Amino acid sequence: MNNEIDIAYNDIHIESQYTEVRSRKTGVDITTDMDRFKMKLPVFSANMPQITEEKMATCMYDNGGIGILHRFCSIDKNIEMFIDSMSNTELTDPYCVGVSIGVQEDEKQRFLDLYKVGARLFCIDIAHGHSIMMKEMIEWVRENSSDVCIIAGNVANAEGALDLAEWGADIIKVGIGPGCYVKGTKIKTKGGYKNIERIKEGDVVLTHRGRYKKVVKTTNRKEFKKIYSINGEKCTNNHEFYVVHKKYQRVVNDDNIEQYAEWIPAEKLTKDYLLLKNK
């Protein structure tokens with residue numbers, strides 16, 4: 001039985017307690033020792049094109065955290081972003097700015113070129129990090145450098161985290177996103193349905209969690225993953241669907257649905273599950 005209920009940050013209230021701390025600036029120290037470096041603010045910004053480039057890396061450094069530059073650009077552009085970030089913050093420690101690489105063969109050249117200009121904090125980043133390709137890339141990086149810190153992911157269970165640590169990762173990224181729909185998929189917006197490729201910044205769309213959100217950034221890139229067709233909708237392997245197992249269909253009702261419903265990625269869906277309409 002699945003008794004889990006989906007909640008967001010807005011659903012949580014942290015109950016306050018008595019404190020003798022007089023100042024958050026001088027009375028609290030959240031400095032975290034990452035072995036190879038320390039962080040006054042133990043927060044990394046995500047290595048996504050719409051999140052971390054030079055400005056965010058600089059801002060993260062100024063506030064005690066670390067920005068991880070994305071890899072969705074040419075190697076030359078990646079090098080430029082790294083050098084500009086170092087210049088903007090007047091850094092001397094290359095661990096204060098992270099860079100990203102994938103696991104394909106051509107990503108080895110990205111690593112070598114970024115390493116050559118001083119990068120030492122590398123995020124090996126793919127959607128499903130618990131894989132042979134991740135293992136091989138971590139091992140290759142270790143064989144070709146002795147002074148880098150490796151962030152690896154993403155994983156979503158303890159087994160994956162333990163394997164990444166065993167393979168040589170210093171820091172592990174946890175959490176796998178809901179995946180992607182492909183061109184032609186109908187998306188519900190507050191203004192009606194649109195093909196996903198026609199969605200633009202400012203549109204308000206219905207998310208897979210049943211909430212309307214404003215689109216702040218769109219991107220278009222080629223993927224070479226297996227495409228799944230679920231109930232007539234085409235999507236990537238890790239796109240999640242709201243389902244309930246058939247063994248519960250006689251006991252489930254509107255009042256207890258959240259006790260039995262769960263989010264399952266497309267690659268794990270079988271005929272044993274019933275698709276639910278997320279209100």
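Quick caveat, the model's predicted, so the values are computed rather than measured.
Tyr273 does not carry Lys246 over the face of its six-membered ring by the limits of under 6.0 Å from the centre and within 45° of the normal.
Within 6.0 Å of the OH atom in Tyr212, the count of heavy atoms belonging to other residues, nucleotides or ligands exceeds 12. Taking a 6.0 Å sphere around CD of Glu166, one finds it holds 12 or fewer heavy atoms contributed by other residues, nucleotides or ligands.
Closest non-hydrogen pair, Gly67 versus Ser45, comes out as CA-OG, 3.1 Å. For Ala266 against Thr236, the heavy-atom pair with the smallest separation is CB-O, 3.7 Å. Between Ser85 and Thr58, the shortest heavy-atom contact is O-OG1, 4.5 Å. A pairwise comparison of heavy atoms in Pro42 and Thr32 identifies CB-OG1, 3.2 Å as the closest pair.
In this model, a donor atom of one side chain and an acceptor atom of the other lie less than 3.5 Å apart for Asn78 and Arg110. For the residue pair Tyr95 and Asp147, no side-chain donor N or O sits within less than 3.5 Å of a side-chain acceptor on the partner. For the 3.5 Å distance criterion, the side chains of His70 and Glu53 qualify, holding a donor opposite an acceptor. Side-chain contact, Asp76 with Ser74: no donor N or O sits under 3.5 Å from an acceptor N or O.
One finds the CD1 atom of Ile79 at 8.5 Å from the NZ atom of Lys116 (value rounded to the nearest 0.5 Å). With rounding to the nearest 0.5 Å, the separation of CG in Leu114 from CD1 in Ile83 is 9.0 Å. Atom-to-atom distance recorded for Ile196:CD1 and Lys186:NZ is 12.0 Å, nearest 0.5 angstrom. Distance check: Met134 CE to His130 NE2 gives 10.5 Å after rounding to the nearest 0.5 Å. The structure places CD of Glu267 at 5.0 Å from OH of Tyr228, a figure rounded to the nearest 0.5 Å. If you take CD1 on Ile227 and SG on Cys235, they are separated by 7.5 Å, rounding to the nearest 0.5 Å.
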Test Tyr242 against Leu275 for side-chain contact (heavy atoms from CB on, under 4.5 Å), laying out the working first. CA-CA 6 Å; Tyr242 199 46; Leu275 291 174; over 6 Å; no
Does Phe37 form a side-chain contact (heavy atoms from CB on, under 4.5 Å) with Cys149? I'd like the steps, not just the answer. CA-CA 9 Å; Phe37 57 93; Cys149 180; 3.8 Å; yes
From CA spacing to verdict: side-chain contact (heavy atoms from CB on, under 4.5 Å), Gln249, Leu274: CA-CA 9 Å; Gln249 61 184 320; Leu274 297 171; 3.8 Å; yes
Would Met86 and Val97 count as a side-chain contact (heavy atoms from CB on, under 4.5 Å) here? Give the steps. CA-CA 7 Å; Met86 295 287 285; Val97 177; 4.3 Å; yes
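A heavy-atom distance below 4.5 Å is found between the side chains of Lys108 and Met137. Taking 4.5 Å as the limit, some side-chain heavy atom of Phe82 sits within range of a side-chain heavy atom of Val117. Contact of the Ile187 side chain with the Val205 side chain is registered, since non-hydrogen atoms from C-beta on lie closer than 4.5 Å. Taking 4.5 Å as the limit, some side-chain heavy atom of Ile138 sits within range of a side-chain heavy atom of Ile150. By the 4.5 Å heavy-atom criterion applied to side chains, Ile51 and Ile68 are not counted as neighbours. The shortest distance between side-chain heavy atoms of Phe122 and Ser145 does not fall below 4.5 Å. Side-chain contact between Ile101 and Cys123 is absent, with no heavy atoms from C-beta onward closer than 4.5 Å. Met60 is not listed as a side-chain neighbour of Ile66, based on a closest heavy-atom distance of 4.5 Å or more.
Side-chain atoms of Asp29 come within 3.5 Å of backbone atoms of Thr31 as a donor-acceptor pair (strictly under, hydrogens ignored). Although no hydrogens or angles enter the test, the distance criterion places a donor-acceptor pair under 3.5 Å between the side chain of Asn157 and the main chain of Gly160. Remark: side-chain polar atoms of Thr52 are not paired, donor with acceptor, to backbone N or O of Met48 under 3.5 angstrom. In this structure a side-chain-to-backbone donor-acceptor pair under 3.5 Å is present from Ser100 to Leu69. Asn63 places a side-chain N or O within donor-acceptor distance of the main-chain N or O of Cys59, the cut-off being under 3.5 Å. Not one N or O on the side chain of Thr26 forms a donor-acceptor pair closer than 3.5 Å with the backbone of Arg24. With hydrogens and angles disregarded, a donor-acceptor distance shorter than 3.5 Å links the side chain of Asp203 to the backbone of Lys200. Remark: side-chain polar atoms of Arg142 are paired, donor with acceptor, to backbone N or O of Val148 under 3.5 angstrom. Using modelled atom types, one side-chain atom of Asn154 and one backbone atom of Gly175 make a donor-acceptor pair closer than 3.5 Å.
In this structure, Tyr61 is not a member of the same hydrophobic cluster as Leu41, with clusters built from ILVMFWY side-chain heavy atoms closer than 4.5 Å. When the side chains of ILVMFWY residues are joined at heavy-atom separations under 4.5 Å, either directly or via intervening members, Val204 and Tyr193 end up in two distinct hydrophobic clusters. When hydrophobic clusters are built by joining Ile, Leu, Val, Met, Phe, Trp and Tyr residues whose side-chain heavy atoms come closer than 4.5 Å, directly or via intermediates, Phe44 is not grouped with Met56. Residue Met133 is grouped with residue Val155 when hydrophobic side chains (ILVMFWY) are merged at heavy-atom distances under 4.5 angstrom, including chains of intermediate members. Residues Leu162 and Ile171 do not share a hydrophobic cluster, defined by chaining ILVMFWY side chains whose heavy atoms lie under 4.5 Å apart.
Note on Lys173 versus Asp125: salt bridge recorded, some NZ/NE/NH1/NH2 to OD/OE distance being below 4.0 Å.
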